[in-house]
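Following: one structure in structure tokens, then a few remarks.
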Amino acid sequence: MSTRAVFTPPPGARVHPLRTARGEFAAVESAVPPGVAPKGTALLLPGFTGSKEDFTLLHEPLTARGYRVVAVDGRGQFESDGPQTDESAYARGELARDVLAQAAALGTPLHLVGHSLGGQIARAAVLLDHSPFLSFTLVSSGPAQISDSQQQRVKLLRDALGVMSMAEVWDAILAMGPPEEVGGPAKGIGDIAQLRRRWLGNKPAQLLATGGQLCTETDLVGELAAVPLPFHVLSGSQDDTWPVPLLDDMAVRLNARRTVIPGADHSPNADQPLPTAHALADFWDSVGA
């Protein structure tokens, strides 16, 4: 594989395996720079077909505000190992326990952030045990199943994975049109060779299991609202995975801080990283205060 296909970490970041009681998880970690007073640690969980690299542009502005940043690949996601064909290993409860193990390995309490699917996995972890966390931010992550249009896209992907190799599915994704228009795993931070390498790193069983979860997730906002944590719902100004009014309503039900990032879609961390980082740090500062 060409070196061009290797993601470049944020300046000063450390790429390492996060060793936990439930195995190792690939992580990108950025420490607070010298001269900046440390305020806390944030654990960032990526979404479906995503990876820890989705948060690359948040590291510098967040560490400049005093927050150590640790972004991880979940089990079977990009550079974190997992079973190739056993979908039971990716049950929502298993993934939630992975998050709790990651938090324990990092030292708690910490601020938890989940993007899209990562938000629903993080929610499951918080419902199991909220004590490791100071706060919980859902980034473009809704109350229940994804929109009908996105369910159709996930169904197409799951059907393709049943009869094609990961490489063949990648070629089919590219044949659908320009990544900036089609979206999905071919769109993200990195060039096409890097994104292909990321796609091929995913375990098919993980994609099949979590894709199914996105299409069947039940509304657990009431249960989450009963948890004694400060909540933050952050999204772009438009989103076709969970409509923005649905996210507005979820924030009301959670009595959460609500942030809408202008000019961002489903991935404000990539579309508008600086205002997204400032919104996260402002929320964490308010929790610390």
Side-chain angles (χ1 to χ4, degrees), residues 14 16-30 39-48 50-52 54-55 62 67-83 86-139 141-143 202-203 205-206 209-210 212-214 217-234 254 256 280 283-284 287-288:
R14 182 168 70 102
H16 67 99
L18 177 63
R19 295 179 173 86
T20 80
R22 289 176 63 84
E24 294 184 354
F25 298 88
V28 178
E29 179 173 346
S30 293
K39 297 178 182 176
T41 297
L43 173 60
L44 280 53
L45 311 180
F48 185 60
S51 69
K52 59 193 179 302
D54 293 338
F55 302 109
L62 288 176
Y67 292 98
R68 171 191 175 209
V69 176
V70 184
V72 298
D73 291 332
R75 181 191 302 211
Q77 190 175 45
F78 188 26
E79 294 179 319
S80 289
D81 199 13
D86 179 11
E87 291 185 45
S88 68
Y90 305 103
R92 181 56 53 84
E94 294 298 316
L95 300 180
R97 290 179 180 88
D98 287 347
V99 175
L100 296 175
Q102 292 159 8
L106 290 173
T108 56
L110 47 75
H111 299 286
L112 182 61
V113 178
H115 173 237
S116 194
L117 170 70
Q120 295 198 333
I121 294 170
R123 179 174 73 178
V126 167
L127 289 174
L128 277 178
D129 182 6
H130 70 272
S131 64
F133 308 111
L134 284 169
S135 72
F136 177 27
T137 298
L138 294 125
V139 177
S141 185
N202 286 300
K203 299 298 187 289
Q206 182 266 129
T210 57
Q213 291 162 18
L214 284 170
E217 181 75 355
T218 56
D219 189 324
L220 299 174
V221 175
E223 291 87 337
L224 185 62
V227 174
L229 278 181
F231 299 116
H232 184 195
V233 176
L234 185 150
L254 289 173
L280 289 170
F283 172 61
W284 298 337
V287 171

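Here the structure is a predicted model, which is why all the values come from computation and not from measurement. Note that the numbering runs from 1 along the sequence shown for the chain.
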* **Gap between atom CG of Leu62 and atom OG of Ser30 - 0.5 Å precision** => 9.0 Å

* **Minimum side-chain heavy-atom gap Asp98-Ile121 below 4.5 Å** => no

* Structure fact -> So CG of Leu44 and CG of Leu280: to nearest 0.5 Å the spacing works out to 7.5 Å

* To do: To the nearest 0.5 Å, tell me how far Leu224 CG sits from Gln120 CD.
  => 11.0 Å

* To do: Report yes or no: does Ser80 contribute a side-chain atom to a donor-acceptor pair with the main-chain N or O of Ala26 at less than 3.5 Å?
  => yes

* Value rounded to 0.5 Å, distance of CZ in Arg68 from CG in Leu110 -> 8.5 Å

* Distance, nearest 0.5 Å, that separates CG of Leu45 from CG of Asp54 -> 11.5 Å

* Given Leu43, which of Val113, Val72, Thr108 fulfils the side chain to side chain contact (heavy atoms under 4.5 Å, CB included) condition? -> Val72

Without placing hydrogens or testing angles, list every side-chain donor-acceptor pair under 3.5 Å for residues 127-136, not counting sequence neighbours.
residue: Asp129; atom: OD1; partner: Ser131; partner atom: N; Å: 3.0
residue: Asp129; atom: OD1; partner: Ser131; partner atom: OG; Å: 2.6
residue: Asp129; atom: OD2; partner: Ser131; partner atom: OG; Å: 3.3
residue: Ser135; atom: OG; partner: His111; partner atom: ND1; Å: 2.7

* Point-to-point distance, once rounded to the nearest 0.5 Å, from NE2 of His115 to CG of Leu138 -> 11.0 Å

* Shortest non-hydrogen contact from Pro83 toward Tyr90 -> O-OH, 2.6 Å

* Decide yes or no for Arg97 and Arg22: does some side-chain heavy atom of the first lie under 4.5 Å from some side-chain heavy atom of the second? => yes

* To do: Evaluate the side-chain proximity of Leu106 to Thr20: yes if any heavy-atom separation is below 4.5 Å, no if none is.
  => no

* Please answer whether the main-chain N or O of Ala89 pairs with a side-chain N or O of Arg75 as donor and acceptor at a distance below 3.5 Å. => yes

* Can you find a pair of side-chain heavy atoms, one from Phe55 and one from Val28, that are under 4.5 Å apart? -> no

* Heavy-atom check, side chain of Lys203 versus side chain of Asp81, under 4.5 Å -> yes

* Shortest non-hydrogen contact from Gly47 to Ser116? -> CA-CB, 4.2 Å

* Structure fact -> Residues at least two apart in sequence or cross-chain that pass side chain to side chain contact (heavy atoms under 4.5 Å, CB included) with Arg14, listed by chain then number, are His16, Glu29

* Asked: Any donor-acceptor pair under 3.5 Å linking the side chain of Asn202 with the backbone of Gln77?
  -> no

* Assess whether side chain to side chain contact (heavy atoms under 4.5 Å, CB included) is satisfied between Leu234 and Phe283, documenting all intermediate values. => CA-CA 11 Å; Leu234 185 150; Phe283 172 61; over 6 Å; no

* Does the side chain of Val99 reach to within under 4.5 Å of the side chain of Leu112, using non-hydrogen atoms? -> yes

* What pairs of residues pass the salt bridge (charged side-chain N to carboxylate O under 4.0 Å, His left out) test when at least one of them lies in residues 108-127, not counting sequence neighbours? -> Arg123-Glu217

* Gln102 side chain near Val70 side chain, heavy-atom distance below 4.5 Å -> no

* Asked: If you look at every heavy atom in Ser51 and Pro46, which pair is closest and at what distance?
  -> O-CB, 3.3 Å

* Asked: Does Phe25 reach the side chain of Asp73, with side-chain heavy atoms less than 4.5 Å apart?
  -> no

* Could you tell me which non-hydrogen atom of Ser141 sits nearest to which non-hydrogen atom of Gly114, and how far apart they are? => CB-O, 4.3 Å

